[in-house]
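Here the structure is a predicted model, which means the values were calculated and not measured. Naming convention: chains lettered A, B, ... in sequence-line order (proteins, then strands); numbering from 1 in each chain.
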There are 2 protein chains.
Amino acid sequence: MPTPTDRSARIHEAAAELLRADGYRYTVARRTIVAALGDAGAPLTIPQLLAADSRLVQSSTYRNLVILEEAGVASRVVTSDDHARFELDERVTDHHHHHLICLDCGDVRDFELPAGIERSLQAEFGRASRAAMFRMERHRIDLLGTCAGCS
Amino acid sequence: MPTPTDRSARIHEAAAELLRADGYRYTVARRTIVAALGDAGAPLTIPQLLAADSRLVQSSTYRNLVILEEAGVASRVVTSDDHARFELDERVTDHHHHHLICLDCGDVRDFELPAGIERSLQAEFGRASRAAMFRMERHRIDLLGTCAGCS
DNA sequence: TTTACTGCAAAGGGTTTGCAACATG
DNA sequence: CATGTTGCAAACCCTTTGCAGTAAA
């Protein structure tokens with residue numbers, strides 16, 4: 001059975017490879033961001049990331065998140081909050097999921113759909129994309145409402 | 001069969017009622033915004049709205065969109081663009097749909113899912129929400145990729 | 001006539017960028 | 001050792017807000 005260390009090692013390896021493939025380096029700062037996102041159970045804002053490790057600098061973190069996103073290591077999660085949030089990409093975590101987004105506090109929790117539903121959705125998405133001559137890269141399913149803590 | 005004028009009249013009536021219910025007035029500026037959103041086939045950014053009718057003023061338009069959103073007349077569509085986009089709410093258009101979002105140009109097109117899929121999704125969403133003690137208000141399904149014009 | 005609303009201009013605040021020093025492969 | 005990366009601080013730009021005058025019910 002995989003230990004936390006296994007998981008962490010796999011994540012860093014995948015991240016390093018994705019970055020290298022785009023000509024980027026896997027620096028200390030990027031490794032720190034990936035570790036923080038991996039440890040957090042949910043998408044983090046930049047302030048949360050900076051707070052998670054005091055060695056992180058704001059401007060570099062913004063810059064690195066752009067690059068991590070471009071390389072497919074991290075993905076941006078848009079809530080209705082002021083701050084963008086980031087999580088590790090599915091290419092790194094190997095874990096497809098969706099989001100429960102609290103309209104009050106902006107916090108995000110993950111949930112999954114049964115594989116069967118995910119499959120029929122995928123078929124419908126393909127149909128809708130073709131009809132519109134749209135080249136789909138990914139989908140995003142969010143539930144918006146109020147979380148347990150805010151009700 | 002409903003004419004464009006019928007549709008427009010229904011929309012304005014619904015908007016006026018929703019606003020009044022919250023103690024707001026249906027002013028000329030708000031009517032102008034609702035008309036522009038209703039005419040456009042897709043969500044509009046503020047610059048697009050301002051361009052659509054030169055009588056619209058930037059600050060008032062921002063303020064009015066906050067109020068229209070709060071009253072349930074308009075809804076905010078978050079793309080990966082710099083600008084927020086707005087469309088008429090389903091309460092006004094009576095038309096449930098989802099979005100194809102172009103990651104290049106930010107433009108948005110609508111699509112629909114078969115009623116059967118929409119129903120089974122709704123059931124799953126209810127299940128996931130209950131499991132997380134989450135009070136769901138609505139869902140959002142977006143396909144992200146490249147539109148016909150940008151490929 | 002009351003009170004919500006508007007327009008103008010200025011401030012706010014998350015995010016981006018220029019630049020010189022630094023670290024990575 | 002060539003070049004991608006960092007930290008600092010300043011700039012950016014979408015959005016919000018204060019205020020005095022205006023319009024809606």
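Between the CG atom of A:Leu65 and the P atom of C:dG14 there is a distance of 16 Å, rounded to whole Å. The nearest whole Å value for the distance from the CG atom in A:Asp22 to the P atom in D:dG4 is 13 Å. Atoms CD1 (A:Ile46) and P (C:dT16) sit 8 Å apart, rounded to a whole Å. Atom CD1 of B:Ile67 is separated from atom P of C:dT3 by 17 Å (rounded to the nearest Å). Residue B:Arg31 contributes atom CZ, which lies 16 Å from atom P of D:dA23 at whole-angstrom precision. Rounded to an integer number of Å, the gap from OH of A:Tyr24 to P of D:dA2 is 23 Å. Rounding to whole angstrom units, CZ of residue A:Arg25 and P of C:dT24 are separated by 9 Å. The CZ atom of A:Arg76 sits 9 Å away from the C1' atom of C:dT15 (whole-angstrom rounding).
Regarding contacts with the backbone of D:dT5, every side-chain N or O of A:Arg63 stays at 4.0 angstrom or more from both OP1 and OP2. Dashed line: the shortest gap from a side-chain N or O of A:His83 to OP1 or OP2 of C:dG13 is not under 4.0 Å. Contact annotation: B:Asn64 side-chain N/O to C:dT6 OP1/OP2 distance is under 4.0 Å. Using a 4.0 Å cut-off, some side-chain N or O of A:Thr27 falls inside it from OP1 or OP2 of D:dT6. Taking side-chain N and O atoms only, A:Tyr62 has no distance below 4.0 Å to OP1 or OP2 of C:dT16.
Residue whose closest nucleotide on DNA chain C sits further toward the 5' end, between B:Val57 and A:Gln58: B:Val57. Annotation: of the two residues near DNA chain D, A:Gly23 and B:Ser60, the 5′-most nearest-nucleotide partner is A:Gly23.
Donor-acceptor pairing under 3.5 Å is recorded for the side chains of A:Glu87 and A:His97. In the model, B:His139 has a side-chain atom that pairs as donor or acceptor with a side-chain atom of B:His96 under 3.5 Å.
For the pair A:Leu100 and A:Cys147, the minimum side-chain heavy-atom distance is 4.5 Å or more.
Below the 3.5 angstrom threshold, one finds no donor paired with an acceptor across the side chain of A:Arg30 and the base of D:dT5. The base of D:dC8 is paired with the side chain of A:Ser59 by a donor and an acceptor separated by under 3.5 Å.
Heavy atoms only, all atoms of each residue included: B:Tyr26 and B:Ala15 are closest at OH-CB, 3.7 Å.
The residues A:Asp81 and A:Arg85 are annotated as salt-bridged, a charged nitrogen and a carboxylate oxygen being separated by less than 4.0 angstrom.
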